[in-house]
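What follows is a short report on a single structure.
Residue numbers run from 1 in the order of the sequence given. Hydrogens, waters and symmetry mates are skipped; everything else that's a heavy atom, side chains included, is used.
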Amino acid sequence: MKIVQIETFRAAVPLHTPFKTALRTVHTAEAIGVKIICDNGINGWGEAPPTLVITGDSLESIESAVLHVLKPALVGKSLLNHESIFQEMHKLLVGNSSAKAAVDMAIYDCLAQYSRLPLYQYLGGYRNKLETDYTVSVNSPSEMAEDALLYSMKGFDVLKIKVGKDEIETDIKRIQAIRQVIGDSVKIRLDANQGWEAKAAVRAIRKMEDLNLTIELVEQPVPAHDIEGLKKVTDNVETPIMADESVFTPQQAFQVLKTRSADLINIKLMKAGGIYQAQKINNLAEVCGVECMVGSMIETRLGITAAAHFAASKKNITRFDFDAPLMLSTDIIAGGIQYNGKTITFPDSPGLGVKAVQIH
């Protein structure tokens, strides 16, 4: 099963509501799509969105890395020797994790199709359905409370609340307003997107604990590079702390795990460079007794399908953040994972189960 061609295309899908975090506001989900064509008629699909403030990757850099670096190195290679292909991919480029992830997804799609298995079964097959959370963008406390109530009424019983953009007192008011309207039955996760400093984060989380706001976890409270600060927060609060932007690579995961700087790790294929490296991060975490979440950027159902297959395959992945396709005004994918409210199910067809992509 040799690669005979690698093609790219661009996609842009408007969001029905702007997605706002401490780092950015997104109005349109843009992506570079990747199609790998094999000599036996199998085609594999992948996707990479530009997230300059997180991965440093733009549409142009992703497309250039795929077409001018990865494609020349991979065309003509047999996917039956995929270990050597993945090793070569990660030696060819420093960084460029999104470009690697898109090609990695497409390779795994091909491999699972060749094995005649859905990708989640090819990777381990631990579960065959997931439940996603839903993200509440950062806005005024009253707006966020209205959004949280709407999502909870739609059946989402885990909400991911974006904070870290303004004063910490405002963030606490946001959580209080949300908790007041949704009650105690809905889980709340906070994502500060690096928006706090360590001492301030400790103060804020302790105050939320004292107010009995019942926070399930706080994701990336401090800047990505501040592992000492991350550990300080983890060691000085009762609420579990999750590392996100602090962990791109297995080496970074090892450092966080070795120092016990976080209680949980959020794995994203766009940070890890694809499923090959993401499995290493999850394996390291599992050995250390640390559970993982799999999340995503603002991606279409193509990229989320690959991430969901990976997440479903592993026991140690216990939390799922796959709401991005529900934020889009239209769907460009035929096949792939399907949503029924918060529940995600997988097709029986091999690979990702993607039948077609509407290319703009």
Side-chain angles (χ1 to χ4, degrees), residues 3 6 8 31-36 44-74 77 79 81-112 119 122-123 220 224-225 243-257 265-285 292-299 302-311 313-314 317 321 324 352:
I3 299 173
I6 299 177
T8 64
I32 296 295
V34 170
K35 183 180 181 182
I36 288 181
W45 298 91
E47 176 189 6
T51 49
L52 282 165
V53 296
I54 300 173
T55 65
D57 298 325
S58 67
L59 282 172
E60 293 75 16
S61 70
I62 295 166
E63 192 167 47
S64 178
V66 172
L67 292 179
H68 302 305
V69 181
L70 296 175
K71 177 181 175 179
L74 300 185
K77 297 284 180 67
L79 288 182
N81 302 324
H82 51 271
E83 173 69 15
S84 62
I85 289 176
F86 289 127
Q87 292 281 343
E88 183 173 1
M89 278 177 55
H90 289 281
K91 288 179 181 177
L92 282 170
L93 284 167
V94 174
N96 289 275
S97 58
S98 302
K100 294 173 187 173
V103 174
D104 171 289
M105 290 176 190
I107 290 174
Y108 273 105
D109 188 12
C110 292
L111 291 171
L119 181 55
Y122 176 83
L123 294 171
Q220 198 62 47
H225 67 273
D244 180 8
E245 290 92 344
S246 290
V247 176
F248 274 56
T249 66
Q251 292 80 7
Q252 290 172 330
F254 178 74
Q255 184 64 26
V256 166
L257 292 164
I265 291 177
N266 185 359
I267 302 172
K268 294 175 181 172
L269 299 188
M270 292 305 123
K271 293 187 303 167
I275 294 168
Y276 181 73
Q277 294 287 83
Q279 291 186 98
K280 294 181 182 180
I281 295 172
N282 181 63
N283 289 342
L284 280 169
C292 293
M293 177 166 82
V294 174
S296 65
M297 308 302 183
I298 299 299
E299 304 169 39
L302 176 55
I304 301 297
T305 290
H309 273 277
F310 164 61
S313 73
K314 307 299 181 185
I317 297 169
D321 182 25
L352 295 177

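A distance of 11.5 Å separates CD1 in I62 from CG in L67, rounded to the nearest 0.5 Å. Distance check, rounded to the nearest 0.5 Å: OG1 of T305 to CD of E299 gives 10.0 Å. Within the model, atoms CG of D109 and CG of L302 stand 8.5 Å from one another, a figure rounded to the nearest 0.5 Å. Between atom CD of residue E47 and atom OG of residue S98 there is a gap of 10.5 Å, rounded to the nearest 0.5 Å. To the nearest 0.5 Å, atom CZ of residue F86 and atom CD of residue Q277 are 10.0 Å apart. Note that NZ of K77 and NE2 of H82 are 14.5 Å apart. Values are rounded to the nearest 0.5 Å.
In terms of heavy-atom proximity, A306 sits nearest to L269 at C-CD1, 4.1 Å. The minimum heavy-atom distance linking A278 with I267 is given by the pair CB-CG2, 3.7 Å. The minimum heavy-atom distance between P250 and K280, with the atom names listed, is CG-CB, 3.9 Å. Of all heavy-atom pairs spanning W45 and L352, the tightest one is O-CD1, 3.4 Å. Counting all heavy atoms, side chain and backbone alike, I304 lies closest to A324 at CD1-CB, 4.4 Å. Closest non-hydrogen pair, F310 versus L123, comes out as CA-CD1, 3.9 Å.
You'll find the side chain of M89 reaches within 4.5 Å of the side chain of I107, heavy atoms only. Residues V34 and M105 are not in side-chain contact: their nearest non-hydrogen atoms beyond the backbone lie 4.5 Å or more apart. A 4.5 Å side-chain heavy-atom check between L79 and I3 finds at least one atom pair inside the cut-off. Contact annotation: the side chain of P50 never approaches that of D57 to less than 4.5 Å [non-hydrogen atoms, C-beta and beyond]. Put simply, the side chain of I6 does not reach to within 4.5 Å of the side chain of L70, judged on heavy atoms.
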| message | Please evaluate residues L284 and I265 with respect to the criterion side-chain contact (heavy atoms from CB on, under 4.5 Å), reporting the C-alpha separation (whole Å), side-chain torsions for both, the decisive distance (0.1 Å), and the verdict. | response | CA-CA 11 Å; L284 280 169; I265 291 177; over 6 Å; no
- Stepwise side-chain contact (heavy atoms from CB on, under 4.5 Å) test for V247 and N266: CA-CA 8 Å; V247 176; N266 185 359; over 6 Å; no
- Task: Just do the side-chain contact (heavy atoms from CB on, under 4.5 Å) check on V294 and K314 with the steps written out, would you?
- Result: CA-CA 11 Å; V294 174; K314 307 299 181 185; over 6 Å; no
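S64 places no side-chain N or O within 3.5 Å of a backbone atom of E60 that could act as its donor or acceptor partner. Proximity of a side-chain donor or acceptor of S97 to a complementary backbone N or O of M270 within less than 3.5 Å is detected.
Counting only N and O atoms by type, the side chains of S246 and Q220 include a donor and acceptor under 3.5 Å apart. Side-chain polar atoms of E83 and Q87 form a donor-acceptor pair below 3.5 angstrom.
Among residues two or more places apart in sequence or in another chain, the side chain to side chain donor-acceptor pair (under 3.5 Å) test is passed with K35 by none. Taking E245 as the reference, N193 meet the side chain to side chain donor-acceptor pair (under 3.5 Å) condition, with sequence neighbours excluded.
For the pair K268 and D244, the salt-bridge criterion is met [side-chain N within less than 4.0 Å of a carboxylate O].
Sequence neighbours left out, the pairs with a member in residues 99-108 that pass side chain to side chain donor-acceptor pair (under 3.5 Å) are Y108-Q279.
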